[in-house]
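Encoded as structure tokens, the structure appears first; notes follow it.
The figures here come from the full heavy-atom set of this structure, side chains too, leaving out hydrogens, waters and symmetry mates. Every chain is numbered from 1, with letters handed out A, B, ... down the list of sequences. If you're wondering where the values come from, they're calculated on a predicted model, not measured in any experiment.
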Protein chains: 2
Amino acid sequence: MHHQAKGTRKDRVAIKADEAKVDLIAVVVAVNDIEPCVLTIGQADILPSGPFVLEHRSLQSGLRGWVEQQTGHPLGYIEQLYTFADRDRIGAERQQRAISISYLALTRKEQASGSSKCGWQSWYDYFPWEDHRSGAPPVVLDVLRRRLMEWADAAGDAAKRRERQQRAAIAFGFDDRRWNEELTLQRYELLYEARLVEEASGGQDEAPPAAVSGKAMVADHRRILATGVARLRSKIKYRPVVFELMRPTFTLLQLQRTVEALAGRLLNKPNFRRLVEQQELVEETGDTSVDTGGRPAKLYRFRHAVLDERAIAGTKLPLARA
Amino acid sequence: MHHQAKGTRKDRVAIKADEAKVDLIAVVVAVNDIEPCVLTIGQADILPSGPFVLEHRSLQSGLRGWVEQQTGHPLGYIEQLYTFADRDRIGAERQQRAISISYLALTRKEQASGSSKCGWQSWYDYFPWEDHRSGAPPVVLDVLRRRLMEWADAAGDAAKRRERQQRAAIAFGFDDRRWNEELTLQRYELLYEARLVEEASGGQDEAPPAAVSGKAMVADHRRILATGVARLRSKIKYRPVVFELMRPTFTLLQLQRTVEALAGRLLNKPNFRRLVEQQELVEETGDTSVDTGGRPAKLYRFRHAVLDERAIAGTKLPLARA
DNA sequence: TCCCTTATTGTCAGATCGAATATAATCGGA
DNA sequence: TCCGATTATATTCGATCTGACAATAAGGGA
């Protein structure tokens with residue numbers, strides 16, 4: 001659908017030469033007990049992906065096809081993340097554009113039919129600084145903080161130094177600022193800019209700290225993963241998407257642990273209960289769980305009716321600030 | 001970046017044949033006084049767009065180029081909206097995919113260098129049912145309501161009828177439900193599905209009501225516009241993007257009118273003031289406005305510092321519920 | 001039975017939000 | 001110049017929401 005108000009006709013000629021290769025790429029998320037996981041292939045450094053071809057009915061179905069073929073895992077909920085235009089890729093014979101359309105998908109591990117080369121990897125292997133469930137990880141953040149300050153000090157003028165310091169402080173919550181779990185992407189991009197992640201330092205350039213900078217991924221996959229994490233952390237606050245990650249029935253504590261795993265921070269139990277219940281997101285099944293010590297917990301199921309009733313209105317899960 | 005875990009090599013062959021044409025398309029928004037406007041070309045039925053070609057450094061710069069060329073209007077703030085894969089377009093000689101990457105852009109009308117064939121058109125010419133600043137528009141909604149109920153009744157079984165009724169009621173706030181201004185896209189899609197907008201009824205099919213179904217646009221441009229409206233209505237609540245639409249200095253009432261124009265609903269004046277001030281989004285210039293009757297209003301400017309300080313944290317403009 | 005663990009319910013103060021009211025400043029006309 | 005119309009700005013009040021903490025309930029094991 002190309003409309004020209006004015007301009008020359010030579011564009012018409014250019015169009016033929018400017019076709020692009022379109023890739024679909026998936027951030028598939030599941031949570032088991034307390035770890036948020038992403039589906040990977042290869043050496044746990046590649047996100048499932050493949051080209052969008054004519055056979056595909058739609059972008060979504062193309063994505064489902066590739067993920068299922070590469071990992072044997074059928075997808076449920078999916079949503080578009082972002083579209084990147086990768087730098088002119090080296091097309092052997094001629095210049096060509098590569099477009100990557102990324103998606104976020106939510107499932108449960110069990111749905112996997114024990115297939116081949118796919119693996120589930122914890123988010124926090126790639127982003128060790130993102131898990132604040134036991135407080136801010138001290139070792140990791142101390143190292144990163146030092147390296148970030150060095151990076152800031154290396155800037156040209158004083159204004160730039162201050163700007164870098166402030167950016168780092170906001171993103172990572174330095175100087176008794178509040179940690180904001182939604183800034184995952186900004187944090188990764190900051191570390192990239194400061195060459196503190198492997199992907200940024202062409203090779204062993206400035207040798208970033210080992211266990212603190214996280215596991216690297218191919219190309220820009222880790223950045224896409226960060227985009228997915230950020231999106232999901234934001235979305236669980238106003239849409240009932242967590243339930244895509246839950247078993248058909250669950251206890252409220254399991255639900256809470258799942259949210260906490262995604263958010264990377266702990267919640268207040270009574271308050272969590274209150275909000276889930278007063279929003280009527282769940283209903284009791286009547287059963288109780290076989291639990292591990294302590295009083296048995298009631299089992300709940302998601303009230304699918306809310307999807308119709310409130311249709312995307314307001315469904316906020318409260319994330320504690322403490 | 002195409003990674004295969006397994007699968008045949010024949011994909012490699014397919015890739016060459018499966019290149020796609022990529023289009024960039026822009027929803028450019030400005031507000032003057034009290035009307036939210038979108039930048040159009042043609043008979044006010046086309047959004048600025050053009051192919052993404054090799055000359056473009058990036059998607060964003062490509063978009064800026066096309067908009068500036070077609071409308072003479074430079075863009076400031078832009079953000080990606082959504083990527084569509086249009087149904088296999090009729091490529092004359094061979095099958096080909098068409099990908100549309102849509103963007104939302106915010107500017108001010110004055111920045112236009114009085115250029116050629118472009119025009120600003122009120123949102124509400126395309127979506128007359130979306131403007132609730134003087135209450136729900138009675139004529140429009142009454143007609144739509146009747147037509148939607150007819151559509152619901154035309155469904156096969158009773159379950160489907162009820163489901164359609166409920167969807168319509170939620171989207172449009174029937175039966176003393178609350179009007180949710182963010183559901184612009186759902187409402188348009190519902191009307192499309194019910195064939196109450198011109199784009200859906202192939203030609204003069206079911207002749208939708210004239211002034212109530214709004215001005216039509218080419219292809220799926222009106223749907224993209226609806227996506228932009230919905231995104232912006234959502235975003236102004238948690239990011240200080242309104243200021244992209246304001247002059248360098250403004251009164252608080254002007255700011256409020258702008259937000260109201262976008263949201264399509266009225267706000268409570270003291271409360272609006274309170275939130276803007278307590279979030280320190282603005283600072284006084286010291287001047288007062290030459291106004292139209294009544295006490296002169298202080299002039300404010302946006303505190304650009306908040307962009308650094310809070311970096312995308314929480315900046316909610318309160319939209320009244322009444 | 002006591003104690004430990006976890007579930008579930010309840011309370012309370014502070015922050016927030018919506019609505020309404022009160023005061024201030026300017027203009028235009030009597 | 002005084003008055004009222006108009007708009008800006010400031011303040012108050014009550015309802016609701018939120019976060020933090022405390023209290024009670026129900027099971028298992030020693």
Worksheet item: Using a cut-off of 4.0 Å between protein heavy atoms and nucleotide atoms, how would you tag nucleotides 22-30 of chain C 5' to 3' with B, S and -?
Response: --BBB----
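The interatomic distance linking B:Q278 (CD) with D:dA10 (C1') rounds to 14 Å, in whole Å. Rounded to whole Å, atom C1' of D:dT7 lies 11 Å from atom CZ of B:R257. We find that NZ of A:K298 is positioned 14 Å from P of D:dA25, with the value rounded to whole Å. Per the geometry, CG belonging to A:L275 stands 12 Å off C1' belonging to D:dT16, to the nearest Å. If you measure from atom CG of A:N268 to atom C1' of C:dT9, you get 13 Å, rounded to the nearest angstrom. A straight line from CG of B:L266 to P of C:dA20 spans 14 Å, rounded to a whole angstrom. Rounded to whole Å, atom C1' of C:dT8 lies 15 Å from atom CG of A:L299. The distance from atom CD of B:Q279 to atom C1' of C:dC17 is 13 Å, rounded to the nearest whole Å.
Using modelled atom types, no side-chain atom of B:R162 and backbone atom of B:A152 make a donor-acceptor pair closer than 3.5 Å.
Remark: A:K298 pairs with A:E284 by the side-chain hydrogen bond (donor to acceptor under 3.5 Å, both in side chains) rule, at least two apart or across chains. Every residue two or more places apart in sequence or in another chain was checked for a salt bridge (charged side-chain N to carboxylate O under 4.0 Å, His left out) with A:E244, and none qualifies. Listed by chain and number, the residues in a side-chain contact (heavy atoms from CB on, under 4.5 Å) with B:R187 are B:W129, B:E130, B:A171, B:F172, B:W179, B:L183, B:T184, B:R233 (sequence neighbours excluded). With sequence neighbours excluded, the residues satisfying side-chain hydrogen bond (donor to acceptor under 3.5 Å, both in side chains) with A:Y103 are A:Q80. Annotation: side-chain hydrogen bond (donor to acceptor under 3.5 Å, both in side chains) contacts of A:D175 (sequence neighbours excluded): A:R145.
Between the side chain of B:R274 and the base of C:dG18, a donor-acceptor pair under 3.5 Å is found. Residue B:N271 places a side-chain atom within donor-acceptor reach of the base of C:dA19, judged by atom type and a 3.5 Å distance cut-off alone.
Residue B:K269 places at least one side-chain N or O closer than 4.0 Å to OP1 or OP2 of D:dA8. Put simply, B:R273 has no side-chain N or O that comes within less than 4.0 Å of OP1 or OP2 on D:dA8.
A:L252 comes within 4.0 angstrom of no nucleic acid atom, judged by non-hydrogen atoms across all strands.
The listed nucleotides are D:dT9, D:dT18, C:dA19; the one nearest the side chain of B:A297 is D:dT9.
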Worksheet item: Where do B:R167 and B:E189 land on the salt bridge (Lys or Arg N to Asp or Glu O under 4.0 Å) test, with the steps shown first?
Response: CA-CA 11 Å; B:R167 275 207 292 153; B:E189 289 183 335; over 6 Å; no
